[in-house]
Asks: 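Sharing a structure below in structure tokens format, with a few things to ask.
Quick note on labels: first sequence line is chain A, next is B, and so on, each numbered from 1.
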Number of protein chains: 2
Amino acid sequence: MSKTNSTVEDSATTLKAMIAGENRRVTSYDVAQLAGVSQSAVSRCFKPGASVSKATYALVMKAAALLDYIPNAAARSLITRRSNMVALIITNQANLYYPELLAELSQQLTARGQRVLLFTLQHEGDVDRVLADVWQYQVDGVIAAARLTPEHVAEFERRRMPLVLFNRKLRDQSVNTVTCDHVESGRMLASRLAAAGHRQFGIIAGNDPYSVATERQRGACERIAELGLPAPVVVPGAYDYRSGALGLKAIIAQLGSLPDAIICGSDVMAIGCLDFARHELGLDVPGQLSVAGFDAVEPSNWISYNLTTLRQPLPKMAAAAADLLCSRIDRHETDTERRVFSAQFIEGATARLTPVATSMTPPAMATPSLRLPIAIM
Amino acid sequence: MSKTNSTVEDSATTLKAMIAGENRRVTSYDVAQLAGVSQSAVSRCFKPGASVSKATYALVMKAAALLDYIPNAAARSLITRRSNMVALIITNQANLYYPELLAELSQQLTARGQRVLLFTLQHEGDVDRVLADVWQYQVDGVIAAARLTPEHVAEFERRRMPLVLFNRKLRDQSVNTVTCDHVESGRMLASRLAAAGHRQFGIIAGNDPYSVATERQRGACERIAELGLPAPVVVPGAYDYRSGALGLKAIIAQLGSLPDAIICGSDVMAIGCLDFARHELGLDVPGQLSVAGFDAVEPSNWISYNLTTLRQPLPKMAAAAADLLCSRIDRHETDTERRVFSAQFIEGATARLTPVATSMTPPAMATPSLRLPIAIM
DNA sequence: TTGTACGCGTTATCAG
DNA sequence: CTGATAACGCGTACAA
């Protein structure tokens, strides 16, 4: 017994030396030779659910272990036409502001047997370069948290490449999407704030007609109009901290006074707005001004902020995206589906959410519109 | 002329239909047939710097465009033994706290012609599963911002797989690393704080003997000891916001009084510490207590914090890691190199950095050690 | 259950 | 510069 073993191991050693000498990789043929079976037997041993006898399986696995053999995914994908790779296209911004998204998507895809080929976009214009790689690398499908043009989406269809858009929509085009209802979120927030008596709103929106911040603004504006409140002052923002301060300044300048509440298209802008209001303008938030954001990013929950905001169910959305994509891949389904989630309201403490106690006074008077010194403009 | 063109385009259409009917992909043979050249000619047209005549190139490119042909990377990598993919192994934590790192690495690798196969680790124990995939997918090299055991690294050597560790070291092992000198950072910070007269330190470190927070703590402790100051109180932390508050409580409890300064192993812990000190304990920072962190994450620069911290040159480090890896890949170099960067001090406003003005008083007395009410424990 | 023979789509070699 | 041919390493009918 021990003699047989040592023979196998010796053969393995000499075989490995030979392979190294020929400067090639260990293949299933090498394993087959060492195990004394055919190459197809080896192949079957590495295919889950194939029919192999216990004995051959053991032989093959031993030989494979001795040679450090691992199947070559490139060769496999050539014949199976499945790479078990999914491309993830994500903007830098998305990863900066929602770092947990990447981890969630990656986990969900891994759990479904897919590897992640990552493409980060510095500028939205890099999409073409990225797509060229996507076609070359024969990924099984794509999840995109980036803006694609209708032409891009058409190319996915032409190449029969499954695609799921994450938090992006495409007007008038049939495409799988997983989104949070940002318009609804905007409406919810406006409703809550209006119910608490806020009348004059300022809104720091996005800088792009299709951004989530813009949709949130649309929802808020819709609701505000429905309630017959004064038209809100809307200014653009670039999602970053600085935009919060700039936006607040612009709103005050445009209005000539303080609004009752500021709705920011994202938490980071809300935090920028909040810091500026409190520390530069010396305002009491929410006493003199309510500030709210969207996303419930980690810092929004820190003591210094405790922001009033809405949370997207990111883990659920990531799972939905992975599900949607993998079902399209596995069953070659070509129908499209849109899965829409709702955000969850987080009360926080930067917006007044109940009407001021003074009984008969109309809510409009609750937060007096303070005249600000010229200096702060 | 127009007749010829339309003929080519018609052939393309019928060819495409045929290919779709056979349910196979467009190959270089199809392009060759349509262009009326050999398959090798097509191949050469897609290889940069191959020798092809202008005429054939034009013919081939036209045919390729008509058929939407793109070379198959799997087939190519099978023969070239280069996948032009690099695996990036990163812990969730690293991506959560340094989201810009991923973008930087991705950009730098892309710029060097490599795609990124991403593996995120929920637990450090997932490494084995991830490595199995790494071997299968024939990546050209690996950048790991995660803890690898010496056995793991040995397997990289055995398989001749280029590896660069990012901000991780391995004792007594020859491996490429790109790191920031965290011990030096700890020393720098301790020096600056000691020079300003702080004597009694509290340190919120890591929870792992090899973490960056632990190295920073070691550096700080070394320097504090060299300066002959009282032994600092060291408590463990888990890198998150909550650990900052817990750590501060523990330090105060252990010391029975306030320390002069708290050194936190990361910014997020420093922010947690700061918020707790200011908003829960009602302390004046830096008046009664100095707080400093490491990393200069984005929130550390927000008005509410303006944290005293040290910045790692992440973009440079990412470029260095990509350089190191790609040179090992291209030139099959097997020597190892360690590239070490220094952090940059960010003054901020949460630590007193100049001695208190009172001339003859020893610095020790500068910040009186306030006795705290039992309640806060 | 096992082995034979073939093909996946490309690049590399070499003769013309 | 071009074309024929042989790999690359594996999965899978098919026959045994």
Asks: Taking only Lys NZ, Arg NE, NH1 and NH2, and the carboxylate oxygens of Asp or Glu, determine whether B/K62 and B/E9 approach each other closer than 4.0 Å.
Replies: yes
Asks: Indicate the atoms forming the closest heavy-atom contact of B/M161 with B/V142, along with that distance.
Replies: CG-CG2, 4.1 Å
Asks: Given C/dG9, is OP1 or OP2 found less than 4.0 Å from the side-chain N or O atoms of A/R81?
Replies: yes
Asks: Rounded to whole Å, please give me the gap between CG in B/D30 and C1' in C/dG7.
Replies: 15 Å
Asks: Output the distance between atom CZ (A/R76) and atom CD (B/Q136), rounded to the nearest 0.5 Å.
Replies: 5.0 Å
Asks: Among the candidates C/dG9, D/dC10, C/dT10, find the nucleotide nearest to the side-chain atoms of A/S28.
Replies: D/dC10
Asks: Would you check if the distance from the ring center of B/W135 to the ring center of A/Y69 is below 6.0 Å?
Replies: no
Asks: Would you mind reading off the distance between A/R25 atom CZ and D/dC8 atom P, rounded to a whole angstrom?
Replies: 11 Å
Asks: Quick check: does any side chain N or O of A/D30 sit under 3.5 Å from a backbone N or O of A/T27, one acting as donor and the other as acceptor?
Replies: yes
Asks: Got a sec? Which of residues 71-78 of chain A come in under 4.0 Å of DNA chain D, heavy atoms?
Replies: A/P71, A/N72, A/A75, A/R76
Asks: Strictly below 4.0 Å, N to O, side chains only: are A/R112 and A/D330 in salt-bridge contact?
Replies: no
Asks: For A/S28 and A/S43, does a side-chain donor sit closer than 3.5 Å to a side-chain acceptor?
Replies: no
Asks: Figure out the CD1/P separation between B/I70 and C/dT11, and round it to whole Å.
Replies: 13 Å
Asks: Under the side chain to side chain contact (heavy atoms under 4.5 Å, CB included) rule, what do B/L148 and B/V127 come out as? Steps first, then yes or no, please.
Replies: CA-CA 8 Å; B/L148 299 187; B/V127 173; 3.8 Å; yes
Asks: Identify which nucleotide among D/dC10, C/dT11, C/dC8 has an atom closest to any side-chain atom of B/I79, counting heavy atoms from C-beta outward.
Replies: C/dT11
Asks: Please state whether the phosphate of C/dG7, meaning OP1 or OP2, lies under 4.0 angstrom from any side-chain nitrogen or oxygen of B/Y29.
Replies: no
Asks: Ion pair present between A/E151 and A/R158, side-chain N to carboxylate O less than 4.0 angstrom?
Replies: no
Asks: Can you tell me how far the CG atom of A/L118 sits from the CG atom of A/N95, to the nearest 0.5 Å?
Replies: 8.0 Å
Asks: Just how far, in rounded Å, is P of C/dT1 from CG of A/L59?
Replies: 16 Å
Asks: For A/N84 and D/dG11, give me the distance from atom CG to atom P, rounded to whole Å.
Replies: 11 Å
Asks: Using the C1' atoms of the five pairs at each end, what is the angle between the end axes of the helix from C/dT1-D/dA16 to C/dG16-D/dC1, to 10°?
Replies: 30°
Asks: Using whole Å, report how far CD of B/Q136 lies from P of D/dC10.
Replies: 10 Å
Asks: Is the phosphate of C/dT11, meaning OP1 or OP2, less than 4.0 Å from a side-chain N or O of B/S43?
Replies: yes
Asks: When rounded to the nearest 0.5 angstrom, what distance separates OG1 in B/T177 from CG in B/L324?
Replies: 8.0 Å
Asks: Kindly give the atom pairs (protein nitrogen or oxygen, nucleotide nitrogen or oxygen) under 3.5 Å for nucleotides 1-4 of chain D.
Replies:
from	atom 1	to	atom 2	distance (Å)
D/dC1	OP2	B/S51	OG	2.9
D/dT2	OP1	B/S53	OG	2.8
D/dT2	OP1	B/T56	OG1	2.6
D/dT2	OP2	B/S53	N	3.1
D/dT2	OP2	B/T56	OG1	3.0
D/dG3	OP2	B/S38	N	3.1
D/dG3	OP2	B/S38	OG	3.2
D/dG3	N7	B/R44	NH2	2.8
D/dG3	O6	B/R44	NH1	3.1
D/dA4	N7	B/S40	OG	3.3
D/dA4	N6	B/S40	OG	3.1

Asks: Using whole Å, what does the distance between atom C1' of nucleotide D/dG9 and atom CD of B/Q138 come to?
Replies: 9 Å
Asks: Can you tell me if B/K47 touches the phosphate of C/dT10, counting only side-chain N or O atoms and a distance under 4.0 Å to OP1 or OP2?
Replies: no
Asks: In whole Å, I'd like the distance from the CG atom of B/N23 to the C1' atom of C/dC8.
Replies: 13 Å
Asks: Give, for atom CZ of B/R147 and atom NE2 of B/H152, the distance between the pair rounded to the nearest 0.5 Å.
Replies: 12.0 Å
